[in-house]
There are 2 protein chains.
Amino acid sequence: MALTTSIAAADFEPIAPDAAGAPLYRAVKRSLLRAIEAGRYPAGGSLPSETELASGFGVSIGTLRHAVDELVAEHILVRRQGRGTFVALHNADRFLFQFFHVERSDGLREIPRVELVAFERVRVDEEPAQALGLRPGEPVIQVDNRLMLQGRAVVHDRITLSALLFKGLSEKRLRERRSTIYHLYQTEFGITVTRAQERARAVAADRLAARLLGLAPGVPVMQVRRTALTFGDKPVEYRVSTVNTAQHEYVNLLSGPP
Amino acid sequence: MALTTSIAAADFEPIAPDAAGAPLYRAVKRSLLRAIEAGRYPAGGSLPSETELASGFGVSIGTLRHAVDELVAEHILVRRQGRGTFVALHNADRFLFQFFHVERSDGLREIPRVELVAFERVRVDEEPAQALGLRPGEPVIQVDNRLMLQGRAVVHDRITLSALLFKGLSEKRLRERRSTIYHLYQTEFGITVTRAQERARAVAADRLAARLLGLAPGVPVMQVRRTALTFGDKPVEYRVSTVNTAQHEYVNLLSGPP
DNA sequence: CCCAATTTGTTCGTATGTATA
DNA sequence: TTATACATACGAACAAATTGG
């Protein structure tokens, strides 16, 4: 016999229209999203079944599915026929390549080997402060990584994270992680990166980049500034990547108009 | 009284399952896509109503909507409540910015002023030939544009088009176009660009770029190679953009995992 | 190996609301 | 105002995938 206890009361906030005349499925979607943001369901965890959710919200199965459809389209939920609906998990290489855009000029994609070059706790500079919505001088964690492809140093990443948001992050935990750093954010800190914005320029390699990438200073390199966002477009990571594009390229796939 | 003539027979190929066990709405989607590709409905033109299409295909309204939903998500169709369903039109500035990614470092977006620098009919080189799926030496049209932002030359584009595909394209028609070049492709040649792939590198400015952008040769610039695709991922345009990123940046918005 | 229970996926049909011409 | 078109919401039935006995 299946339990038919109320779901809505305990796990979700009551559904209320977003605005006058707003569709019902949007209210359901918002309630689901709030529950996920609040960590009510851990990343990778399963939600109640569609029939349970629908009856819990007091809506039809079709309306519930419409709401879940949109969350699936936004990559926040994942559906698996016969198993259930899950909070999206960023465990695989698939996720890596969603945000890692460097590949060899001939099109070869490889998983980069990451070398941690430096791990520091510092006060935040003007530029990352603005990107992360912090006041200059607030404590941040600054990580320098070197990414190797085909045994060659191709990318230098300088990552800036709010020390408050990533309380307890240590060099050890960073070194000992399996999988990607975004997977670490998600599993260890409950922070899911949903989107990112990147701005790229061509610059002459500075001394640090030249040394780490084995280049002559002044050689043209690509500099990519990335702000990674979580739910509600809240910034959680600022990253400056310096890419040696002598043998590699920065790849971008565009789709049609929105 | 509304006409209830059969739609499917005249306008669409009969729906047949893609494969054993493939869902019905996919077959409907494919048939719709074929009709659009074939130019059965011009860009910007309206499709028959959902009820007409559904009865024409012999499926329920819900199944028809599911098929159209996917085409809308892929930006191939546009729905307007109370008006109808239309083949997506690339008329607006909105479309321009879908493929134009350069903006000022402070975030200012501006519509570029385009100067046609050269228009030539030549035999295609190795690189654009491969991108366009042509044999080296086939006739192509080569267009050189200079893009001005805030009165400054910021981008040089070299565009390569198959002379066969764009038969009748002249310098005059190119100069006299309103709107974007992709809009011209669509309205004058029936070619709709749906997606594009870009590969970027940092390079030292060559003499041509230096002259056109008013730079010293050797200055770092971004070089973006773009292949623009139409339905069925058929390549229709190859473009090499050289960007002076001294005051401007190349912007890219990423969404979550697929 | 098969069966049964569970869960999502697909398809159908109907009714009503909202926007447009 | 009226007719038409898409948007939302409801409910039902069966298919397909998964899991566990």
Side-chain angles (χ1 to χ4, degrees), chain A residues 1-5 7 15-32 41 44-73 75-89, chain B residues 1-5 7-8 15-32 41 44-73 75-88:
Chain A
M1 181 192 92
L3 288 178
T4 53
T5 50
I7 304 269
I15 56 177
D18 291 286
L24 182 55
Y25 76 88
R26 292 238 177 235
V28 173
K29 177 186 172 186
R30 220 173 35 120
S31 179
L32 285 169
Y41 297 98
S46 75
L47 263 59
S49 77
E50 293 184 343
T51 50
E52 279 179 290
L53 284 172
S55 75
F57 282 120
V59 302
S60 77
I61 185 79
T63 302
L64 185 276
R65 276 187 68 85
H66 198 345
V68 173
D69 280 345
E70 292 206 347
L71 291 170
V72 168
H75 312 300
I76 290 166
L77 293 178
V78 176
R79 279 206 271 234
R80 297 195 193 288
Q81 187 176 171
R83 295 189 51 197
T85 304
F86 304 83
V87 179
L89 191 60
Chain B
M1 183 191 94
L3 287 179
T4 53
T5 50
I7 304 272
I15 55 176
D18 290 284
L24 184 55
Y25 74 88
R26 293 254 176 216
V28 173
K29 176 186 173 187
R30 220 170 37 119
S31 178
L32 285 169
Y41 298 98
S46 75
L47 264 60
S49 75
E50 293 185 342
T51 49
E52 279 179 290
L53 284 172
S55 75
F57 282 119
V59 302
S60 77
I61 183 82
T63 302
L64 185 277
R65 274 186 69 83
H66 198 163
V68 173
D69 280 345
E70 293 206 348
L71 291 170
V72 168
H75 313 300
I76 290 167
L77 293 178
V78 175
R79 279 205 271 234
R80 297 194 193 286
Q81 186 175 5
R83 294 187 52 197
T85 305
F86 304 85
V87 179

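In the text below, chain A, chain B and the rest are named by the order of the sequence lines, each starting its count at 1.
- Every side chain to side chain contact (heavy atoms under 4.5 Å, CB included) that A:Arg26 has, sequence neighbours left out, goes to A:Asp18, A:Pro23, A:Lys29, A:Glu70.
- Rounded to an integer number of Å, the gap from NE2 of B:His66 to C1' of D:dA7 is 16 Å.
- If you measure from atom CG of A:Leu47 to atom P of C:dT6, you get 19 Å, rounded to the nearest angstrom.
- Look at CZ on A:Arg65: it is 16 Å from P on D:dG11, rounded to the nearest Å.
- Residues A:Thr51 and A:Ile61 share a closest heavy-atom pair of N-CD1, 3.9 Å.
- Comparing D:dA9, D:dC6, C:dG9 by their nearest atom to the side chain of B:Glu50 picks out D:dC6.
- To the nearest 0.5 Å, the span separating OG on B:Ser55 from CG on B:Leu64 amounts to 9.0 Å.
- Listed pair B:Thr85 / D:dA5 fails the phosphate criterion, with no side-chain N or O lying under 4.0 Å from OP1 or OP2.
- Taking only side-chain atoms of B:Thr63, from C-beta outward, the nucleotide of D:dC6, C:dT10, C:dC12 with the closest atom is C:dC12.
- Per the geometry, CG belonging to B:Leu77 stands 13 Å off C1' belonging to D:dC6, to the nearest Å.
- With rounding to the nearest 0.5 Å, the separation of CZ in A:Arg65 from CG in A:Leu53 is 12.0 Å.
- In this structure, the nucleotide among D:dA9, D:dA7, C:dG9 sitting nearest to the side chain of A:Ser60 is D:dA9.
- Closest approach of B:Tyr41 to B:Ser46, counting heavy atoms only: CD2-O, 3.8 Å.
- Across all strands shown, B:Gly84 has heavy atoms under 4.0 Å from sugar-phosphate atoms exclusively, and none from any base.
- Atom CZ of B:Arg26 is separated from atom C1' of C:dG9 by 12 Å (rounded to the nearest Å).
- B:Glu52 places its CD atom 9 Å from the P atom of D:dC6, with the value rounded to the nearest Å.
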Tabulate protein N/O versus nucleotide N/O from nucleotides 14-18 of chain D, keeping only pairs under 3.5 Å, one per line.
unit_1	atom_1	unit_2	atom_2	d
D:dA16	N3	A:Gln81	OE1	3.0

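- Here the C1' atom of nucleotide D:dA9 and the NZ atom of A:Lys29 are 17 Å apart, to the nearest Å.
- Closest of all the heavy-atom pairs between A:Ala67 and A:Leu32 is CB-CD1, 4.5 Å.
- Among the nucleotides C:dC12, D:dC6, D:dA9, the one closest to the side chain of B:Leu24 is C:dC12.
- For A:Leu24, the side chain to side chain contact (heavy atoms under 4.5 Å, CB included) partners at least two apart in sequence or on another chain are A:Ile15, A:Val59, A:Thr63.
- When rounded to the nearest whole Å, the span between CD1 of A:Ile61 and P of C:dG9 equals 10 Å.
- Contact check, A:Ser49 against C:dT6: no side-chain N or O comes under 4.0 Å of OP1 or OP2.
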